[in-house]
Amino acid sequence: MDLITVGNRLVELCKHGQHKQAIEELYADVVDVHEAMDPARMPELPEGMYPNGKQTKDQLLKGSDAFFAMNEIHGGNTEGPFPHGDNQFICYMSLDCTPKAGPMAGQRMDMKEACVYTVEDGKITGSKFCYHFPGCE
């Protein structure tokens, strides 16, 4: 798949809440992940929930499971893809959720982020998530 095909498929799956399928189908076996939040600032969260650095697809799936288990999801949206150079695209994502743990536990919020994805050989090999997470300044 080319860059835009990968991006369109990611957006389609995310819009339908199929985040695990997106990882299984579109991600390379190892992905370089960069989260805005430092997981050390929230030690009560499961290991791997906010990874930074090289992650296997299995690690990403476990982190995704942990995220969705620890948040009540009310809705969300994904926009894009917006091409960025020869091998990257950006998506804008929002998630209406109520965390079950951490400094925002029980407080409904609308999370918004810009996501930069790197694609090589038809697979996502890098992701960088840019957001502000309330309570983790």
Side-chain angles (χ1 to χ4, degrees):
M1 284 190 271
D2 68 10
L3 179 73
I4 297 303
T5 303
V6 171
N8 283 333
R9 182 69 176 146
L10 179 72
V11 169
E12 175 188 357
L13 291 169
C14 289
K15 280 187 174 192
H16 291 95
Q18 298 172 317
H19 300 93
K20 284 182 73 168
Q21 183 176 342
I23 294 169
E24 292 168 345
E25 182 181 321
L26 301 173
Y27 281 57
D29 291 336
V30 176
V31 178
D32 193 16
V33 178
H34 295 277
E35 289 279 349
M37 183 172 56
D38 178 2
R41 307 244 358 222
M42 293 184 66
E44 69 274 9
L45 297 178
E47 184 178 342
M49 189 164 160
Y50 289 98
N52 279 302
K54 301 280 186 186
Q55 299 287 311
T56 66
K57 193 181 289 192
D58 286 340
Q59 288 172 306
L60 292 172
L61 288 166
K62 287 178 186 172
S64 177
D65 286 344
F67 178 85
F68 286 102
M70 294 190 69
N71 289 281
E72 180 182 354
I73 308 301
H74 310 291
N77 191 33
T78 304
E79 298 177 39
F82 303 99
H84 179 63
D86 293 334
N87 70 337
Q88 292 184 321
F89 66 88
I90 298 168
C91 290
Y92 297 109
M93 297 183 178
S94 65
L95 190 62
D96 178 12
C97 64
T98 303
K100 298 175 185 176
M104 297 297 290
Q107 299 178 51
R108 189 168 176 167
M109 62 182 179
D110 186 21
M111 295 175 56
K112 292 180 174 29
E113 64 184 339
C115 312
V116 181
Y117 294 95
T118 302
V119 176
E120 298 172 14
D121 298 322
K123 294 289 184 180
I124 294 172
T125 59
S127 59
K128 183 173 185 175
F129 302 102
C130 308
Y131 56 86
H132 170 73
F133 194 87
C136 293
E137 292 80 15

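Just so you know, residue 1 is the first one in the sequence shown, and it goes up from there.
For the pair Ile4 and Pro81, the tightest heavy-atom approach, listed with the atom from each and the gap, is O-CG, 4.2 Å. Closest of all the heavy-atom pairs between Ile124 and Val6 is CG1-CG1, 3.8 Å. The two residues Cys91 and Val11 come nearest to each other via the heavy atoms SG-CG2, 3.6 Å. Scanning both residues, Leu60 and Ile23, for their nearest heavy atoms gives O-CD1, 4.0 Å. Closest non-hydrogen pair, Cys14 versus Thr78, comes out as CB-OG1, 3.4 Å. Across all non-hydrogen atoms, the minimal contact from Thr56 to Gln59 is N-OE1, 2.7 Å.
Around atom NZ of Lys128, no more than 12 heavy atoms belonging to other residues, nucleotides or ligands sit under 6.0 Å away. With a 6.0 Å radius and a threshold of 12 heavy atoms from other residues, nucleotides or ligands, Asp2 has its CG atom above the threshold.
Taken from CG in Leu3 to OG1 in Thr118, the straight-line distance is 9.5 Å, to the nearest 0.5 Å. If you take CE on Met1 and CG on Asp121, they are separated by 12.0 Å, rounding to the nearest 0.5 Å. A distance of 12.5 Å separates CG in Leu10 from OG1 in Thr5, rounded to the nearest 0.5 Å.
Listed by first and then second residue, the ring pair (Phe, Tyr, Trp, His ring centres under 6.0 Å) pairs involving residues 75-101 are Phe82-Tyr92, Phe89-Tyr117 (not counting sequence neighbours). For residues 1-24, the set of pairs meeting the ring pair (Phe, Tyr, Trp, His ring centres under 6.0 Å) definition, not counting sequence neighbours, comprises His19-Phe68. Sorted by first and then second residue, the salt bridge (Lys or Arg N to Asp or Glu O under 4.0 Å) pairs with a member in residues 65-80 read Lys20-Asp65; sequence neighbours excluded.
In this view, Glu120 satisfies the salt bridge (Lys or Arg N to Asp or Glu O under 4.0 Å) rule with no residue, not counting sequence neighbours. Checked against side chain to side chain contact (heavy atoms under 4.5 Å, CB included), Leu13 has the following partners two or more places apart in sequence or in another chain: Arg9, Gln18, Gln21, Ala22, Glu25, Leu26.
For the pair Lys57 (side chain) and Tyr27 (backbone), a donor-acceptor distance under 3.5 Å is present.
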N/O donor to acceptor pairs below 3.5 angstrom from side-chain atoms of residues 93-116, sequence neighbours left out:
from	atom 1	to	atom 2	distance (Å)
Ser94	OG	Asn77	N	3.4
Asp96	OD1	Arg108	NE	2.9
Asp96	OD2	Arg108	NE	3.4
Asp96	OD2	Arg108	NH2	2.6
Thr98	OG1	His74	NE2	2.7
Lys100	NZ	Ala69	O	3.1
Asp110	OD2	Lys112	NZ	2.5

